[in-house]
There are 2 protein chains.
Amino acid sequence: MSCDNGTAKPTLTADQVLPVQYGELNDILGFHLRLANVALFQDYQATMGDLSLTPKQFAVLELILINPGTSQIGLAQSLRMDKATMMAIINKLEARNAIERRQSKIDRRRQELFVTEDGQKLVDTARQLRSEHEARFTTRFSADELKMLFGFLNRIYAGAKIPAYEEDEA
Amino acid sequence: MSCDNGTAKPTLTADQVLPVQYGELNDILGFHLRLANVALFQDYQATMGDLSLTPKQFAVLELILINPGTSQIGLAQSLRMDKATMMAIINKLEARNAIERRQSKIDRRRQELFVTEDGQKLVDTARQLRSEHEARFTTRFSADELKMLFGFLNRIYAGAKIPAYEEDEA
DNA sequence: TATTGTTATACTCTATAACTATA
DNA sequence: TATAGTTATAGAGTATAACAATA
């Protein structure tokens, strides 16, 4: 109903030796997206395991690096999560001395966030490991294909609402 | 390092009015994949909310429909999750009379799984709602683009290992 | 011995709600 | 009144380990 894929529908490869047929699921975007996510995450963990830095913690570190002094609220919005959830991530990163909070002098409600020297070292190591992890997947694509894939994914999440920060439905 | 995207790198669109720069994250496949997943999941929940059928529960129903009599182990492998996790999903679906367990007569360790009449009705309703949800995203792509996207995602998870069922590392 | 299902448990992630201090 | 941060808490999802029945 949503797309024509009568003969060319992608199915799981034989080397997975899976015991079931996928049927209707082969037409579901979210199903394939999730499998891709799981595959990526499992490889991420196998590669980064020793660092014990989750993808989200890593993303937060990168965001603070490129936006020094940003707030927890800003980060939460950017990664589509609740401020209390972000709080937990920030706490963990602070506990291992990767970032620090400094109360803003302009608006004393705000905690400005910065990456410490230790945090920078952590990021450097993590980037190195991650680039190995990334390569295991990106090498499956040509440069043009990769550009297309990123564009497609962007088209999926572009314009997404952030429920916690929408105005009330009146 | 992993791919060239000097000028054409996909960035977040302006209509999201996000307060931060994404920096290095723009080059990370997993980051875009996750944002796409979040966007899709939020729309899924908004659409299917009343049915209270998670994407995984839905997937399990579809899998049992296309593989009547399949086992919990088979389902767990197919969806890359632990057998104990699958157990919880099966229990929930059985509790609302969507599926039933029948002990196999050939191998009495196995519970063969079947979708009940109630379960079929649930699937019918869910499919209807989901097709509306799907359309909100698939209409952003041409038929050819969609075929490419599915193929790309398949390329990412093809050959993924299922850790729980690999042989021991000796 | 190995496998299927099961149970108990614990851990992580997440959001909600209520609170504080500021604005 | 509204916002940034905080805390407590509860729910969902997940995996691990141990076990029973069966192969």
Side-chain angles (χ1 to χ4, degrees), chain A residues 19-20 34 37-38 41-42 44-46 49 52-60 64 69-95 99-113 162-168, chain B residues 19-20 34 37-38 41-42 44-46 48-49 52-60 69-95 99-113 162-168:
Chain A
V20 301
R34 182 180 162 269
N37 231 358
V38 169
F41 181 67
Q42 289 180 344
Y44 176 94
Q45 283 212 307
S52 78
L53 191 70
T54 70
K56 273 162 209 161
Q57 290 172 353
F58 195 177
V60 166
I64 298 177
T70 189
S71 65
Q72 297 175 195
I73 286 273
L75 293 174
Q77 290 177 332
S78 308
L79 296 177
R80 274 98 176 148
M81 55 182 80
D82 188 83
K83 59 181 179 174
T85 309
M86 181 56 63
M87 182 83 186
I89 294 177
I90 297 295
N91 284 344
K92 279 210 170 166
L93 288 174
E94 192 189 38
I99 62 172
E100 59 181 13
R101 295 169 155 108
R102 299 184 207 152
Q103 191 180 51
S104 167
K105 283 162 186 165
I106 307 166
D107 180 344
R108 286 184 312 186
R109 290 172 305 181
R110 291 173 79 92
Q111 299 278 13
E112 297 176 348
L113 300 171
I162 308 176
Y165 300 95
E166 284 181 282
E167 52 282 36
D168 289 6
Chain B
V20 300
R34 181 181 162 267
N37 230 0
V38 169
F41 181 66
Q42 288 180 345
Y44 176 94
Q45 282 211 306
M48 311 274 290
S52 78
L53 191 70
T54 70
K56 273 163 210 162
Q57 291 172 351
F58 196 176
V60 166
T70 189
S71 66
Q72 296 176 195
I73 285 274
L75 292 175
Q77 289 177 331
S78 308
L79 296 177
R80 275 102 177 141
M81 55 181 81
D82 188 83
K83 59 182 178 173
T85 309
M86 180 56 63
M87 182 83 187
I89 295 177
I90 296 295
N91 283 345
K92 278 207 172 170
L93 289 174
E94 192 189 38
I99 62 172
E100 58 181 14
R101 294 171 156 106
R102 300 184 207 152
Q103 192 180 50
S104 167
K105 283 162 187 165
I106 307 166
D107 180 344
R108 285 184 313 184
R109 290 173 305 181
R110 292 173 81 90
Q111 298 279 12
E112 297 176 347
L113 301 170
I162 308 177
Y165 300 94
E166 283 182 280
E167 53 282 35
D168 288 9

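Below, read A as the first sequence line, B as the second, and so on, with proteins coming before strands; counting in each chain starts at 1. Note that the structure is a prediction, hence the values are computed from the model and not measured.
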Chemist: Return the nearest nucleotide to the side chain of A/Arg110; candidates are D/dG13, C/dA23, D/dG5.
Modeler: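 Looking only at heavy atoms from C-beta outward on A/Arg110, the closest nucleotide is D/dG5.
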
Chemist: Using atom CG of A/Asp107 as one end and atom C1' of D/dA2 as the other, report the distance to the nearest whole Å.
Modeler: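 In whole Å, D/dA2 C1' and A/Asp107 CG are 12 Å from each other.
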
Chemist: In whole angstrom, what separates A/Glu94's CD from D/dT7's P?
Modeler: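 That distance rounds to 11 Å.
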
Chemist: Given D/dA23, D/dT6, C/dA8, identify the nucleotide with an atom nearest to the side chain of B/Ala84.
Modeler: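 Among D/dA23, D/dT6, C/dA8, the one nearest the side chain of B/Ala84 is C/dA8.
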
Chemist: Rounding to an integer number of Å, can you tell me how far A/Asn91 CG sits from C/dC13 P?
Modeler: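 Nearest whole value for this atom pair: 13 Å.
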
Chemist: Could you report the tightest heavy-atom contact between A/Ser104 and A/Ile106, atom names first, then the distance?
Modeler: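 Reported closest heavy-atom pair: OG-N, 3.2 Å.
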
Chemist: If I compare all heavy atoms of A/Met86 with all of A/Gln72, which pair ends up nearest, and what's the gap?
Modeler: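 Closest heavy-atom pair between A/Met86 and A/Gln72: CG-O, 3.6 Å.
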
Chemist: Under 4.0 Å: is that the gap between some side-chain N or O of B/Arg101 and OP1 or OP2 of C/dT6?
Modeler: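 It does, given that an N or O in the side chain of B/Arg101 lies less than 4.0 Å from OP1 or OP2 of C/dT6.
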
Chemist: Whole Å only: how far is the CD atom of A/Gln77 from the P atom of C/dA15?
Modeler: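 After rounding, the reported distance stands at 13 Å.
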
Chemist: Which is true for B/Ile106 with a 4.0 Å heavy-atom rule: it touches a base, it touches only sugar-phosphate, or it touches nothing?
Modeler: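 Result for B/Ile106 = sugar-phosphate.
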
Chemist: Please determine, for the side chain of A/Lys83, which listed nucleotide (D/dA4, C/dT6, D/dT7) has the closest atom?
Modeler: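 For A/Lys83, the side-chain atoms sit closest to D/dA4.
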
Chemist: Assign B/Thr54 to base, sugar-phosphate, or nothing according to its heavy-atom contacts below 4.0 angstrom with the strands shown.
Modeler: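 Sugar-phosphate, no base atom in range.
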
Chemist: Would you say B/Gln111 places a side-chain N or O within less than 4.0 Å of OP1 or OP2 belonging to C/dT6?
Modeler: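 Indeed, a polar side-chain atom of B/Gln111 lies that close.
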
Chemist: What are the two closest non-hydrogen atoms of A/Ser52 and A/Gln57, and how far apart are they?
Modeler: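 In terms of heavy atoms, the two residues are closest at O-OE1, 3.7 Å.
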
Chemist: So what does A/Ser71 touch, heavy atoms closer than 4.0 Å: a base, only the sugar-phosphate, or nothing?
Modeler: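 Contact class for A/Ser71: sugar-phosphate only.
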
Chemist: Please determine, for the side chain of B/Ile73, which listed nucleotide (D/dG5, C/dT4, D/dT14) has the closest atom?
Modeler: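 So the side chain of B/Ile73 is nearest to C/dT4.
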
Chemist: Write down the atom of B/Ser71, the atom of B/Leu113, and the distance for their closest heavy-atom approach.
Modeler: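 Smallest interatomic distance, heavy atoms only, reads C-CD1, 4.1 Å.
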
Chemist: Measure the distance from CD1 on B/Ile90 to P on D/dT14 and round it to the nearest whole Å.
Modeler: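 To the nearest whole Å, that distance equals 13 Å.
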
Chemist: Between D/dA4, D/dA15, C/dG5, which one does the side chain of B/Asp82 approach most closely?
Modeler: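 My answer, after comparing the listed nucleotides, is D/dA15.
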
Chemist: Closest approach to the side chain of B/Arg109, judged atom by atom: which nucleotide of D/dT16, D/dA23, D/dT7 is it?
Modeler: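 Ranking D/dT16, D/dA23, D/dT7 by closest atom to the B/Arg109 side chain puts D/dA23 first.
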
Chemist: Distance from B/Glu112 atom CD to B/Arg102 atom CZ, nearest 0.5 Å?
Modeler: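 B/Glu112 atom CD to B/Arg102 atom CZ measures 8.0 Å (nearest 0.5 Å).
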
Chemist: Kindly say if A/Arg108 contacts the phosphate of C/dA23, meaning a side-chain N or O under 4.0 Å from OP1 or OP2.
Modeler: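 Yes, such a contact exists.
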
Chemist: When you check the phosphate oxygens OP1 and OP2 of C/dT22, does a side-chain N or O of A/Gln103 lie under 4.0 Å from one of them?
Modeler: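 A/Gln103 to C/dT22 OP1/OP2: no side-chain N or O under 4.0 Å.
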
Chemist: Can you check the A/Met87 CE to C/dA18 C1' distance for me, whole Å?
Modeler: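 Between C1' of C/dA18 and CE of A/Met87: 15 Å.
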
Chemist: What is the distance, to the nearest angstrom, from the CG atom on A/Leu113 to the P atom on D/dT6?
Modeler: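 Atom-to-atom, A/Leu113 to D/dT6, this comes out as 9 Å.
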
Chemist: Closest approach of A/Glu94 and A/Arg101, non-hydrogen atoms and distance?
Modeler: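 Taking every non-hydrogen atom into account, OE1-NH1, 2.7 Å.
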
Chemist: In whole Å, I'd like the distance from the CD atom of A/Gln45 to the C1' atom of D/dT14.
Modeler: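 It works out to 11 Å between those atoms.
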
Chemist: Between A/Lys105 and A/Ile89, who's closer to the 5' end of DNA chain C by nearest nucleotide?
Modeler: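 This one resolves to A/Ile89.
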
